[in-house]
Amino acid sequence: MTAPTPSNPLDTQAIQALDSAHFIHPFTDHADLATRGSRVIVKSEGIYIWDSEGEKILDAMSGLWCVNAGYGRKELAQAAFDQMMTLPFYNSFFQTTNVPAVKLAAKLASLAPKVGDRSFQHVFYSSSGSESNDSNVRMVRRYWDLLGQPQRKLIISRHNAYHGSTMAGASLGGMSGMHAQGDLPIPNITHIEQPYFFENALPGESSDEFGLRAARWLEDKILAVGPDRVAAFIAEPIQGAGGVIIPPATYWPEIQRIVDKYGILLISDEVICAFGRLGHWFAYEKFGYKPDLVTFAKAVTSGYIPLGGVMVGDRVAKVLIEQGGEFNHGYTYSGHPVACAVALANLELMEREQLPQRVKDDIGPYLASCFEDIASHPLVGIAETCGFTAGLVLVKNKASRERFDENLGVGMMCRRHCFQNGLIMRAVGDRMIIAPPLTMTHADIDEMMRLIRLALDLTLQELTQKGLI
Ligand code: PXG
């Protein structure tokens, strides 16, 4: 589709009317949207998307943390086309398999680094991050049942974590708004506080001290509920949807010590963090911990087609395979040949262009230096990056770090200024976050930073005019 021009108009209002009449969007106030009308996204290339009015927008969120390889990659479309013409679908339930699913599983196993005595030789497929976390719950419970410890049912997660939107995914997640609407969490899931230094550190506490204290909330919880009841701990390496919450350096090593001490399984939910986002194929390598299960989705295909799954570490795979018999769990689309073919093409592309390495050595450090500069902006309380994702907090008073009243919706105000000036940036409360495509050049990053600064200036101007600062 070509971008709409005055000679090639797209009837935005007609599409908006149909949208509002028929399409219930995820995480959206439908009545509110009907009054405003959706922004209709029609086209993409590189790091840009275009709307139906012809506006060009720099997508600093990679779709929704997915499009790591950037838009318009012909190899991925070609891989889908070729596979659809060869074998568009066949199931893998009844002792059948397909070539792309097999090749992808082997590829993923080769990309997942061995840490200590843990290696990953097996993959379980789904079509999304949420489904993958449901599969994790099933596998964890089956594992402990097979080991004769069926009382180990409890999975510990964290407040403000995001693990998906299915019943189990939303329960594992720590979003209170989601729990409130769904009678969640389901039984045997409990939460500890997140390691958010900016918000939860004590006065005078160092980042390292806070990291240890935050990790020990896990041990406190294990002891409170009884260690023999605990099956697993699940966490994102850094919390994405929660606002790019980057734990202190001491956090993960201490978590590892605790899960080892009590023998509980560790699930690393890398739906956002894997495939180059943090400068590695898998993020557990960056932080040096040893998960038993690793959730993936999104960027495994750069978002071009839905695919998710779980890297199943040897500890769990051995028990499930050698003692388990039939595992009564799976999805129609587990190992979908087209999705797997696109994933293979995507991983090959990322390897060829060394995208994880670029993040680690080049564009990640460059983004970090740009965020050091933006930290001096009068509205910014803290600005931090990890690999090729970043967050900054909007504050009322830079010196005292006083926050805005959350009812003011300052993050949404800033997001509006971003949108109006051709930039997609996410607001999580008053934390503004980005996760751009890993294909960005330094010039692209400069342009993104110019737009971020403009949005901050306009937000400051609006707050000043309204007497809110
Ligand atoms: N785990 C993590 C860590 C995620 O970030 C999921 C699981 C669920 O994946 P699916 O494919 O089922 O959506 C996610 C998804 C946001 C946002 O606003 C983030 C996600 C989804 C929707 C919105 O940042 N992450």
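Just follow the structure's listing: the first ligand is 1, and inside any ligand the first atom is 1. Reckoned from all heavy atoms, side chains included, excluding hydrogens, waters and symmetry mates.
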Mind checking what makes ring pair (Phe, Tyr, Trp, His ring centres under 6.0 Å) contact with Tyr284, not counting sequence neighbours? Phe120
How are the rings of His329 and Phe124 set to each other: parallel, tilted or perpendicular (split at 30° and 60°)? parallel
Heavy-atom contacts with ligand 1 below 4.0 Å: which residues, ordered by chain and residue number? Leu64, Trp65, Ser128, Gly129, Ser130, Asn133, Tyr162, His163, Gly164, Glu236, Ala241, Asp269, Val271, Ile272, Lys298, Arg426
For Arg216, is there an ion pair with Glu219 - N to carboxylate O distance below 4.0 angstrom? no
In chain order, what residues pass the side chain to side chain contact (heavy atoms under 4.5 Å, CB included) check against Ser176, with sequence neighbours excluded? none
Using a 3.5 Å cut-off and no angle test, enumerate the donor-acceptor pairs between side-chain atoms of residues 334-342 and protein atoms at least two apart in sequence or in another chain.
{"from": "Ser334", "atom 1": "OG", "to": "Tyr125", "atom 2": "O", "distance (Å)": "2.8"}
{"from": "Ser334", "atom 1": "OG", "to": "Tyr331", "atom 2": "N", "distance (Å)": "3.1"}
{"from": "Ser334", "atom 1": "OG", "to": "Tyr331", "atom 2": "O", "distance (Å)": "3.3"}
{"from": "His336", "atom 1": "ND1", "to": "Val338", "atom 2": "N", "distance (Å)": "3.1"}

Establish, from distance only, whether the side-chain atoms of Thr12 and Glu53 form a donor-acceptor pair under 3.5 Å. yes
